[in-house]
Amino acid sequence: MNRLERTLGLIKPDAIEAGHIGKILDQIIQAGFRIIGLRMLHLTPAQAEAFYHMHRERPFFHSLVSFMTSGPIIAFVLEKENAVSAYRELMGATDPAKAEPGTLRALFAQNIEKNAVHGSDSPESARREIAFFFPEMELLSVKTPSSLLV
Ligand code: GDP
């Protein structure tokens with residue numbers, strides 16, 4: 001079943017440091033997603049811990065928080081039919097060594113932690129994560145310019 005859906009994406013500090021912002025956003029646009037919210041910010045440790053709280057018991061949690069606060073990130077909201085799974089497919093597997101060729105992580109990730117991009121893993125996560133970064137009124141007022149639609 002196809003239905004219009006929203007998902008939350010991030011460009012992580014490694015990909016920004018490496019100069020990949022433009023290439024990543026271009027691939028997202030070329031894949032037919034509408035970008036309906038976009039902002040650059042630098043997370044505090046408390047904000048990164050809150051965003052990844054479901055991973056707080058994992059052995060890599062502190063390393064992940066340290067990485068995610070090491071530089072600015074870009075947060076964006078995407079809209080497309082089945083956006084959550086479609087964007088997960090465009091990103092590729094968490095570990096770039098296992099990511100399909102041509103996916104964002106195969107192209108731009110360095111390793112399983114510094115893996116360039118984030119995408120919500122379910123519609124429920126997407127709702128929580130979109131609200132974490134964007135007030136609803138900002139998204140509803142956005143009209144994507146036709147030059148950004150393929
Ligand atoms: P995702 O949904 O593909 O981003 O993967 P997860 O939700 O499982 O993990 C969240 C993030 O934690 C990943 O995107 C990585 O940045 C990091 N991460 C996941 N697994 C590992 C790991 O085994 N080691 C380290 N150092 N980081 C990891």
Side-chain angles (χ1 to χ4, degrees), residues 2 4-135 138-139 142 144 148-150:
N2 292 336
L4 199 59
E5 207 173 57
R6 291 176 177 182
T7 193
L8 184 281
L10 301 176
I11 301 179
K12 298 185 180 184
D14 60 319
I16 292 183
E17 175 69 24
H20 295 322
I21 298 172
K23 283 172 280 187
I24 290 172
L25 291 180
D26 188 52
Q27 295 231 0
I28 289 168
I29 292 163
Q30 294 301 323
F33 293 88
R34 286 182 70 213
I35 299 175
I36 64 166
L38 184 77
R39 59 186 294 221
M40 184 179 232
L41 69 159
H42 196 143
L43 291 175
T44 65
Q47 288 169 334
E49 284 169 13
F51 183 73
Y52 280 119
H53 77 277
M54 74 296 289
H55 293 318
R56 63 192 175 283
E57 308 295 344
R58 308 280 284 276
F60 57 81
F61 181 67
H62 292 292
S63 177
L64 176 61
V65 168
S66 169
F67 161 54
M68 290 300 291
T69 57
S70 66
I73 61 168
I74 289 179
F76 47 87
V77 178
L78 304 179
E79 197 171 70
K80 190 182 196 295
E81 287 184 353
N82 300 312
V84 170
S85 60
Y87 182 59
R88 296 284 295 185
E89 207 169 301
L90 182 67
M91 282 198 308
T94 309
D95 180 353
K98 296 177 182 159
E100 289 291 320
T103 58
L104 296 176
R105 282 167 166 168
L107 290 168
F108 303 116
Q110 296 173 31
N111 55 49
I112 194 169
E113 179 175 271
K114 295 182 170 59
N115 60 2
V117 284
H118 166 87
S120 308
D121 65 4
S122 68
E124 295 69 37
S125 299
R127 275 189 283 279
R128 179 184 81 81
E129 294 178 357
I130 289 169
F132 188 93
F133 286 105
F134 295 92
E138 283 187 14
L139 300 177
V142 167
T144 302
L148 286 180
L149 296 173
V150 177

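Quick note: numbers below take in every heavy atom, side chains included, and nothing from hydrogens, waters or symmetry partners.
Nearest heavy atom pair, residue E113 against residue F67, reads O-CE2, 3.3 Å. When all heavy atoms are compared, the tightest approach of A106 to P101 is CB-CA, 4.2 Å. Nearest approach of A116 to A15, heavy atoms of both residues: O-CB, 3.7 Å.
The ring pair (Phe, Tyr, Trp, His ring centres under 6.0 Å) search around F51 returns H118, F132, F133, not counting sequence neighbours. For E124, the salt bridge (Lys or Arg N to Asp or Glu O under 4.0 Å) criterion is met by R127, not counting sequence neighbours.
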For this session: Could you please spell out the steps behind the side-chain contact (heavy atoms from CB on, under 4.5 Å) verdict for N115 and F108?
Result: CA-CA 7 Å; N115 60 2; F108 303 116; over 6 Å; no

For this session: Begin from the C-alpha positions of I35 and V77 and carry the test side-chain contact (heavy atoms from CB on, under 4.5 Å) through to its verdict.
Result: CA-CA 6 Å; I35 299 175; V77 178; over 6 Å; no

Problem set entry | Test log, rule side-chain contact (heavy atoms from CB on, under 4.5 Å), inputs Q30 and Q27 | CA-CA 5 Å; Q30 294 301 323; Q27 295 231 0; 5.6 Å; no

Exercise. Please walk me through it: do L25 and I11 pass side-chain contact (heavy atoms from CB on, under 4.5 Å)?
Worked result: CA-CA 9 Å; L25 291 180; I11 301 179; 4.1 Å; yes

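A side-chain donor-acceptor contact under 3.5 Å links N111 to the backbone of K114. In this structure, T103 contributes its side chain and E100 its backbone to a donor-acceptor pair below 3.5 Å. A donor-acceptor pair under 3.5 Å is absent between the side-chain atoms of E5 and the main chain of E81, judged by distance alone. With hydrogens and angles ignored, the 3.5 Å screen pairs a side-chain donor or acceptor of Q47 with a backbone N or O of T44. Remark: the backbone N or O of V65 is paired with a side-chain donor or acceptor of T69 at under 3.5 angstrom. Side chain of R56 to backbone of H53: a donor-acceptor contact under 3.5 angstrom is found.
A 6.0 Å sphere centred on NZ of K98 holds no more than 12 heavy atoms belonging to other residues, nucleotides or ligands. The number of heavy atoms from other shown groups lying within 6.0 Å of NE2 (H62) does not exceed 12.
With F76 as the fixed residue, the side-chain contact (heavy atoms from CB on, under 4.5 Å) test singles out one of I36, T7, L8, L38: L38.
Between the CD atom in Q110 and the CG atom in D14 there is a gap of 5.0 Å [rounded to 0.5 Å]. A distance of 6.0 Å separates CE in M54 from OG in S125, rounded to the nearest 0.5 Å. Here the CG-CD1 distance, from L10 to I73, works out to 4.5 Å after rounding to the nearest 0.5 Å. The line from CZ of R105 to CD1 of I24 is 10.5 Å long, rounded to the nearest 0.5 Å. Taking CZ of R6 as the reference point, atom CG of L78 lies at 11.0 Å (rounded to 0.5 Å). Atom-to-atom distance recorded for I74:CD1 and H20:NE2 is 13.0 Å, nearest 0.5 angstrom.
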Enumerate, atom names and distances included, each donor-acceptor pair closer than 3.5 Å involving a side-chain atom of residues 86-97, sequence neighbours excluded.
{"residue": "R88", "atom": "NH1", "partner": "G119", "partner atom": "O", "Å": "2.9"}
{"residue": "D95", "atom": "OD1", "partner": "A97", "partner atom": "N", "Å": "3.0"}

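When side chains are defined from C-beta on, F61 counts as touching E49, because their heavy atoms get closer than 4.5 Å.
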